[in-house]
There are 2 protein chains.
Amino acid sequence: MSRRSGILEFAVLGLLRESPMHGYELRKRLNTSLGVFRAFSYGTLYPCLKTLVANGWLIEEPGNTAEATAPLTGRRAKIVYRLTAEGKEHFEQLLSQTGPDAYEDEHFAARFAFFGQTSRDVRMRVLEGRRSRLEERLEKMRASLARTRERLDDYTLELQRHGMESVEREVRWLNELIESERAGRDLRGSATEGPAQQDTTSGAPGGLPRSGDEPRPDTPDDTAT
Amino acid sequence: MSRRSGILEFAVLGLLRESPMHGYELRKRLNTSLGVFRAFSYGTLYPCLKTLVANGWLIEEPGNTAEATAPLTGRRAKIVYRLTAEGKEHFEQLLSQTGPDAYEDEHFAARFAFFGQTSRDVRMRVLEGRRSRLEERLEKMRASLARTRERLDDYTLELQRHGMESVEREVRWLNELIESERAGRDLRGSATEGPAQQDTTSGAPGGLPRSGDEPRPDTPDDTAT
DNA sequence: TTCGTCATGTAATGGGTTACATGATTAC
DNA sequence: GTAATCATGTAACCCATTACATGACGAA
């Protein structure tokens with residue numbers, strides 16, 4: 001039962017819930033698809049996988065990756081990890097947690113990344129929790145700034161200002177998301193293969209208004225250790 | 001010569017260069033004034049101070065804090081740390097480094113916080129290095145997004161989009177700063193007590209256009225362990 | 001046949017937190 | 001006199017990285 005890192009364990013469980021994978025691929029997904037928030041090294045990932053197996057949440061299977069809908073690279077895998085029933089149950093239990101941990105930067109991002117498998121009410125609690133966390137932070141920053149403004153040089157001031165602006169921006173983002181959730185819109189379910197949706201109590205389609213970003217395929221690079 | 005954490009060591013040296021302080025106060029400054037980037041605990045700070053003393057960069061002095069221009073709280077201190085000549089020299093050497101480390105998130109923030117004591121050319125290199133670092137990151141995100149867009153659900157997509165937007169925003173901020181530096185504006189020198197400016201090769205005043213933020217003194221709170 | 005990437009691991013180390021232990025000083 | 005805050009420290013642990021070691025497979 002040795003308790004390993006919250007966020008890695010969570011993300012691994014979440015990714016494996018979508019489909020079985022081996023460690024190498026798992027790490028890539030962690031760093032790219034979900035890589036917005038965090039990059040983990042093998043030295044962290046493999047030991048973690050072991051303890052998850054030891055906990056009965058995963059099983060190791062030898063053999064080839066299914067590679068779902070598109071067998072792009074028919075590459076052979078050594079050890080494929082698959083979520084067990086207990087693993088699934090455990091993940092669902094983690095998903096339903098709304099404690100203060102879930103509002104911390106990295107933890108929040110991980111939670112958000114799996115909103116597609118999260119019930120609406122939990123989503124709301126997490127978003128609102130995050131928002132009030134940030135608002136607290138803003139209060140502190142404002143207070144501290146008011147106390148020390150004249151003692152600081154302009155660079156320090158500029159740094160603080162930029163920091164606050166970033167936080168304010170995230171609050172606005174959260175506001176939009178929360179409003180969107182409240183209005184009954186649901187961003188879930190547009191993925192290729194959707195694993196069992198547990199308790200969606202609505203279904204009105206239509207996403208958030210997208211700000212125009214247009215990515216182009218450029219340097220198809222990848223991080224290696 | 002045991003090498004302790006780069007950023008903490010750097011920040012401690014930088015703060016003590018401005019004026020001598022004891023550990024407790026140092027930590028507060030680290031968490032509030034410069035607290036935008038990082039909070040350290042005593043368990044990290046005190047051992048670090050010890051090794052800095054062992055390296056000959058600080059000396060411990062018993063006695064009262066000078067509290068500079070304003071003896072607001074005439075509070076007595078146990079151990080006041082003061083930068084030695086070697087410490088000053090070492091800090092200056094750290095300040096002049098422009099290696100790739102200086103472009104990482106936290107490290108960069110720490111560097112920026114001490115731009116007031118940094119020469120213009122180093123400032124430029126750090127800002128430009130940071131910018132190209134972020135641009136690389138953007139490329140990767142764009143590429144990864146282009147590769148995986150259709151496999152992702154809308155929440156994951158939204159998370160990526162927001163992440164990219166944040167990075168783009170920081171790039172724009174850096175652009176302004178760089179332009180400002182190039183134009184000869186210098187944000188340095190408006191602090192109450194300015195420690196020796198080493199090599200300013202310009203002096204045109206006038207800061208960056210400030211976006212309006214108006215802080216009010218609200219909850220004058222402080223983080224305690 | 002050699003290079004790149006896929007693939008799995010381990011040992012040493014780093015950098016930091018938490019919880020604890022201790023005590024002085026100030027405000028009420 | 002007691003609570004809050006100031007003030008300094010240590011030991012145990014946690015999470016993760018780095019560098020290393022190993023080897024299979026495909027493409028040039």
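Just so we're on the same page: letters track the sequence lines, and every chain starts at 1.
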Given [options], identify the nucleotide with an atom nearest to the side chain of [X].
{"X": "Lys78(A)", "options": "dT8(D), dG16(C), dA24(D)", "answer": "dA24(D)"}
{"X": "Leu8(A)", "options": "dC6(D), dG9(D), dA16(D)", "answer": "dA16(D)"}
{"X": "Phe40(B)", "options": "dA7(D), dG16(C), dT17(D)", "answer": "dG16(C)"}

How close or far is atom [atom2] of [N] from atom [atom1] of [X], stated in whole angstroms?
{"X": "Leu52(A)", "N": "dT8(C)", "atom1": "CG", "atom2": "P", "result": "15 Å"}
{"X": "Leu49(A)", "N": "dT8(C)", "atom1": "CG", "atom2": "P", "result": "9 Å"}
{"X": "Ile7(A)", "N": "dT17(D)", "atom1": "CD1", "atom2": "C1'", "result": "16 Å"}
{"X": "Leu26(A)", "N": "dC6(C)", "atom1": "CG", "atom2": "P", "result": "15 Å"}
{"X": "Met21(B)", "N": "dA7(D)", "atom1": "CE", "atom2": "C1'", "result": "15 Å"}
{"X": "Ile79(A)", "N": "dG23(D)", "atom1": "CD1", "atom2": "P", "result": "16 Å"}
{"X": "Glu104(B)", "N": "dA16(D)", "atom1": "CD", "atom2": "P", "result": "18 Å"}
{"X": "Arg29(A)", "N": "dA7(C)", "atom1": "CZ", "atom2": "P", "result": "14 Å"}

> Taking 4.0 angstrom as the limit, do Lys88(A) and Glu92(A) come out as a salt bridge?
Replying inline: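 Salt bridge: no.
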> Are side-chain heavy atoms of Thr51(B) and Glu9(B) found at a separation under 4.5 Å?
Replying inline: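 They are not in side-chain contact.
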> Do Leu15(A) and Glu18(A) touch side chain to side chain, with heavy atoms closer than 4.5 Å?
Replying inline: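 A side-chain contact exists here, since the closest heavy-atom pair is under 4.5 Å.
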>> Apply side-chain contact (heavy atoms from CB on, under 4.5 Å) to residues Leu134(B) and Arg130(B) and explain how you reach the verdict.
In response: CA-CA 6 Å; Leu134(B) 291 184; Arg130(B) 172 68 178 172; 3.9 Å; yes
> Does OP1 or OP2 of dG16(C) have a side-chain N or O of Ser41(B) closer than 4.0 Å?
Replying inline: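 No.
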> Out of curiosity, Glu170(B) CD to Leu138(B) CG, how far, rounded to the nearest 0.5 Å?
Replying inline: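 If I round to the nearest 0.5 Å, the distance is 10.0 Å.
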Protein-nucleotides 10-13 of chain D N/O pairs under 3.5 Å:
from    : atom 1 : to       : atom 2 : distance (Å)
dT10(D) : OP1    : Lys50(B) : NZ     : 3.4

>> Less than 3.5 Å apart, any donor N or O on the side chain of Arg169(A) or Ser166(B) sitting next to an acceptor on the other?
In response: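 Side chains of Arg169(A) and Ser166(B): pair found under 3.5 Å.
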>> Would you say CD of Glu89(A) has more than 12 non-hydrogen atoms from neighbouring residues, nucleotides or ligands within 6.0 angstrom?
In response: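 Atom CD in Glu89(A) is not crowded, with 12 or fewer foreign heavy atoms closer than 6.0 Å.
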